[in-house]
Structures are given as structure tokens and as C-alpha cells.
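For this chain, numbers begin at 1 and follow the sequence in order. In what follows, every heavy atom counts, from backbone to side chain, and hydrogens, waters and symmetry copies are set aside.
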Amino acid sequence: MHIKTRTCTIRNENRIALLFDYDKDVITLVKQIEGRKWSASRKLWYIPYQENALVDLNKKFKGKLEFIKQAKFPPEYIQTLKQGNYSEPTIKSYRQHFQLFMNYYPGINPEDITQEQIREYVIYMVETKNYSVSSQNNAINAIRFYYTKVLHLELEEFYAPRPRRPKITPKILNEKEVALILKNLSDQRDKCMIFLVYSAGLTPSEIVYLKPEHIDSKNMKIFISSAKGDKDRYVVLADKLLILLREYFKKYKPKVWLFESFPGKQYSKRKLQKTFQTAVKETGITKPATLTILKNSFAVHLLDKGVDIRYIQKMLGHKHSKTTMKYLKVSKRDLSAIQSPLDSLDM
């Protein structure tokens with residue numbers, strides 16, 4: 001069993017973090033290491049830092065465990081992302097995916113990983129980890145970025161193929177169901193955040209990166225700063241939401257981010273999703289209902305009201321109209337709602 005290690009600072013002292021998947025037998029062996037401790041906040045085991053610690057551990061656990069030094073994350077990766085004006089959510093996502101890729105090949109510098117090894121990792125994501133199509137694409141984007149943008153190398157499509165997205169009809173909630181869920185929200189902060197999903201079609205990632213200055217109450221718009229790595233955009237600010245936001249701002253007085261768990265700390269996307277699920281459960285609605293489905297409902301309900309799909313595409317930040325067209329499958333609008341130009345002629 002391989003245990004990856006890296007140097008870290010805990011309580012202002014250098015430590016060696018032990019990185020491995022949960023395994024009772026491995027934990028039993030780790031507990032035999034002198035000075036080992038568990039960090040509940042970081043969810044990892046660590047030991048005191050010593051120059052020859054890995055050599056000594058490999059001797060002690062020979063045939064049982066092998067301790068390997070994790071390759072250092074290339075600083076030029078983040079630098080290149082920032083130079084390319086990538087958004088904070090994208091930088092965070094790319095870093096996480098590329099770190100997982102590096103973890104798969106412990107001890108190997110990323111520039112030495114071959115294209116065949118990249119392909120092996122892609123297969124591992126699909127067959128072993130069962131990554132969703134979206135997660136596969138994000139991981140491949142992160143890997144491609146390093147080799148094509150940082151190292152300026154060509155990466156053949158064969159070694160990092162794009163997964164095919166299944167053609168799935170979007171699930172939605174009807175207006176009565178949406179109203180029922182929104183009425184079940186009591187906390188002012190959670191209410192504002194979930195209202196943003198349905199009133200402006202925002203994702204949890206876009207919401208937690210909002211800042212107070214992004215709310216333009218004068219022009220009734222919300223500024224979204226390159227949430228998907230694309231161009232900045234504006235979305236509509238609903239009258240009802242503005243009232244809620246003003247009440248929320250007086251009560252919570254956010255410092256850096258519009259929504260904070262405590263001063264200066266972004267609110268948790270996971271906690272927001274959990275809050276939404278609790279509200280759904282209290283309504284008694286049994287059909288699938290997630291924040292993504294709520295966002296889908298925003299788009300479809302606008303279509304039903306006759307809003308041009310190009311405006312919806314712009315608000316959602318979709319690059320291609322094909323992405324937005326999927327909502328037409330579940331919209332109530334059909335041919336019976338269209339009047340032929342012949343019938344409008346004065347004849």
C-alpha cells in the first residue's frame with residue numbers, strides 16, 4: 001500500500017501529512033508511528049517533520065507500507081491561470097483536478113508524465129472512479145491546460161478524449177412547486193441565495209463568489225465576474241430579491257463576500273445545497289429537486305413566458321445556443337402558440 005506524503009504546517013510547526021484512502025488496516029499500522037496525530041479539520045494523519053522520516057518509515061514497514069514523497073505542485077500552473085484572467089472558481093477547480101492527477105503518479109514530476117499515462121488516468125476516472133461526464137471534462141481541461149498552456153506541448157485527442165455528453169431531457173419543477181419550496185425558507189441568508197438561483201439562473205459557485213458591489217440596485221442588475229472563465233456578464237435583479245437583500249445586508253453586514261459563513265469567509269456551497277434539500281423535504285415534494293433543477297426551472301419558465309432564447313442564453317452564460325436549446329424540450333411552448341405571418345396581413 002502506497003502512502004503519499006507532503007510537508008505542511010500545522011500549529012506553526014512543520015509536519016509530514018500522510019495521504020491515503022480510508023482503510024482500517026492502514027490506519028492500524030499508522031497508529032504504530034510515534035508522534036502520529038489526526039487532524040479533524042484537515043481530515044488527515046500527520047507526523048512530526050524529520051529529515052530522514054520517510055527512509056526510517058519505509059524500513060520499519062517494509063512489505064506492508066511504502067511512503068512516497070508527493071510531487072510539488074508546479075507554481076507556474078497557477079501563475080499562467082491568473083495571467084489568462086481565469087476566474088477564482090475555475091482556478092480552484094483546475095488546481096483540485098490537477099492535484100488529483102498528480103496524486104495518481106506520486107513521486108513523478110508532472111512534466112515527466114507521458115501521454116500514455118494521461119490516457120491511463122482518463123480510463124481510471126471512467127472505469128474506477130465513475131466520474132460524471134462533467135467531472136471528466138473538468139479534469140481533462142485541467143490536465144490539458146498544464147501541457148498545452150504551461151509547457152506549450154501538443155496533447156493528442158487520443159490520449160485525452162472528450163466524453164460524450166448524454167442527451168438528457170432537463171428535469172424541472174412547476175411554478176407552484178417552486179413557490180412552495182421558496183416559502184419554506186426561513187433563514188434570511190439562505191433565502192437570498194436560493195432566490196438568486198431561481199430569479200437569475202445562477203449556480204451555487206457563482207453565488208458564493210458574489211461581492212456586495214456586484215449588486216447594481218440602480219440599474220436592477222447583478223454583475224457576474226467570469227464565473228465560468230468566459231466574459232463577464234449581467235443578469236436581472238428581481239424586485240422581490242432586492243428587498244430581501246437589503247434586509248439581509250442590514251442584519252449580516254458582510255465584509256468581503258456577499259454571503260459569508262463568518263467575516264471574510266465564503267459561504268459553503270455544500271451547506272446551501274443541504275439547506276435546499278431540507279426545504280424540499282418539508283414541502284412533501286417527492287419528485288427530484290436540486291439547485292440545478294431549480295436553475296433549469298428558471299430557464300424553462302422564462303421560455304414559457306415568451307422570453308427570447310437568446311436572452312436566456314446570455315443570462316445563463318452559455319457559450320453556444322445548443323446548450324440553451326435543451327430547455328425547449330420541456331417548455332410548454334409549441335406550434336399552437338405561433339401565429340403565421342399570413343394571418344396578421346390586412347387582406
Side-chain angles (χ1 to χ4, degrees), residues 4 6-9 17 19 42 69-115 117-119 121-122 124-125 129 131-157 159-163 165 202-211 213-214 222-235 256-260 264-270 316-320 323:
K4 294 180 281 290
R6 62 175 169 83
T7 305
C8 64
T9 302
L19 312 171
R42 302 192 185 199
K69 188 175 181 180
Q70 186 181 66
K72 185 180 178 182
F73 195 93
E76 61 272 21
Y77 188 98
I78 302 300
Q79 291 168 6
T80 309
L81 280 167
K82 289 182 177 179
Q83 287 169 0
N85 200 30
Y86 281 75
S87 67
E88 291 180 67
T90 300
I91 291 174
K92 184 177 179 180
S93 173
Y94 274 36
R95 183 186 179 102
Q96 288 175 340
H97 280 294
F98 196 71
Q99 185 67 69
L100 290 172
F101 171 64
M102 289 174 58
N103 291 350
Y104 189 75
Y105 295 106
I108 303 178
N109 289 322
E111 65 265 28
D112 296 326
I113 295 173
T114 66
Q115 293 203 23
Q117 287 174 315
I118 293 172
R119 178 169 173 78
Y121 180 73
V122 172
Y124 161 79
M125 286 194 298
K129 300 300 287 184
Y131 276 26
S132 67
V133 170
S134 178
S135 292
Q136 288 175 50
N137 265 319
N138 289 339
I140 290 169
N141 286 340
I143 294 167
R144 276 189 171 278
F145 182 86
Y146 178 70
Y147 291 99
T148 61
K149 302 296 184 183
V150 180
L151 298 183
H152 303 289
L153 300 173
E154 289 187 12
L155 182 56
E156 294 181 31
E157 187 69 26
Y159 295 104
R162 299 286 182 185
R165 289 187 178 274
L202 301 188
T203 65
S205 292
E206 291 169 334
I207 292 169
V208 298
Y209 276 93
L210 282 174
K211 294 183 177 180
E213 59 265 30
H214 291 162
I222 303 170
F223 177 66
I224 308 299
S225 177
S226 301
K228 297 183 179 179
D230 302 325
K231 293 181 179 180
D232 298 339
R233 73 186 197 276
Y234 283 93
V235 295
V256 179
W257 308 100
L258 182 57
F259 302 106
E260 300 174 333
K265 176 72 174 178
Q266 283 176 314
Y267 196 79
S268 166
K269 291 183 290 183
R270 190 181 297 275
L316 293 174
H318 291 164
K319 277 186 179 180
H320 308 291
T323 309

| request: Search all heavy atoms of Gln115 against all heavy atoms of Glu156 and return the closest pair with its distance. | output: OE1-N, 3.3 Å

| Is it true that a side-chain atom of Tyr131 and a backbone atom of Ala139 form a donor plus acceptor pair closer than 3.5 Å? | no

| said: Testing the basics here: between His97 and Ser135, what is the closest heavy-atom pair and its distance to 0.1 Å? | reply: CE1-O, 3.8 Å

| field | Heavy-atom pair of closest approach, residues Tyr77 and Ala142 | value | OH-O, 2.8 Å

| Looking only at heavy atoms, which two atoms of Ala160 and Leu155 are closest? And how far apart? | CB-CD2, 4.0 Å

| field | Contact check, side chains of Val208 and Trp257, non-hydrogen atoms, under 4.5 Å | value | no

| field | Minimum side-chain heavy-atom gap Leu210-Ile224 below 4.5 Å | value | yes

| field | Gap separating the OG1 atom of Thr7 from the NZ atom of Lys69, nearest 0.5 angstrom | value | 6.0 Å

| query | Which pairs count as salt bridge (charged side-chain N to carboxylate O under 4.0 Å, His left out) when at least one residue sits in residues 75-85, sequence neighbours excluded? | reply | none

| request: Mind checking side chain to side chain donor-acceptor pair (under 3.5 Å) for Thr148 and listing every partner two or more places apart, or none if nothing turns up? | output: none

| task | For the residue pair Phe145 and Tyr86, categorise the inter-ring angle as parallel (less than 30°), tilted (30 to 60°) or perpendicular (more than 60°). | result | perpendicular

| message | If you take the centroid of each ring, where Trp contributes its six-membered ring, are Phe101 and Tyr104 closer together than 6.0 Å? | response | no

| field | Within 6.0 Å of CD in Glu154, more than 12 heavy atoms from elsewhere | value | no

| request: Find the distance between NZ (Lys92) and CG (Leu81) and round it off to the nearest 0.5 Å. | output: 14.5 Å

| said: Can you tell me how the ring of Tyr124 sits relative to the ring of Tyr121, calling it parallel under 30°, perpendicular over 60° and tilted otherwise? | reply: tilted

| said: Under the rule for ring pair (Phe, Tyr, Trp, His ring centres under 6.0 Å), what residues qualify as partners of Phe259, not counting sequence neighbours? | reply: Tyr248

| Close side-chain approach of Tyr147 to Ile113, heavy-atom, < 4.5 Å | yes

| query | Between Lys211, His214, Glu213, which is the residue that forms a side-chain contact (heavy atoms from CB on, under 4.5 Å) with Phe223? | reply | His214

| request: Quick one: closest heavy-atom pair of Arg233 and Gly317, and the distance? | output: NE-N, 3.5 Å

| Should Ser225 and Glu88 count as side-chain neighbours, where that means a heavy-atom distance under 4.5 Å? | no

| query | How about Tyr209 and Ser87: do any of their side-chain heavy atoms sit closer than 4.5 Å? | reply | no

| query | In Å and rounded to the nearest 0.5 Å, what is the CD1 to CE distance from Ile140 to Met125? | reply | 5.0 Å

| remark: In terms of heavy-atom contacts, Phe98 and Ile143 come closest through CD1-CA, 4.1 Å

| said: I'd like to know if the side chain of Arg95 reaches the main chain of Ile78, judged simply by a donor and an acceptor atom lying under 3.5 Å from each other, with no hydrogens or angles considered. | reply: no

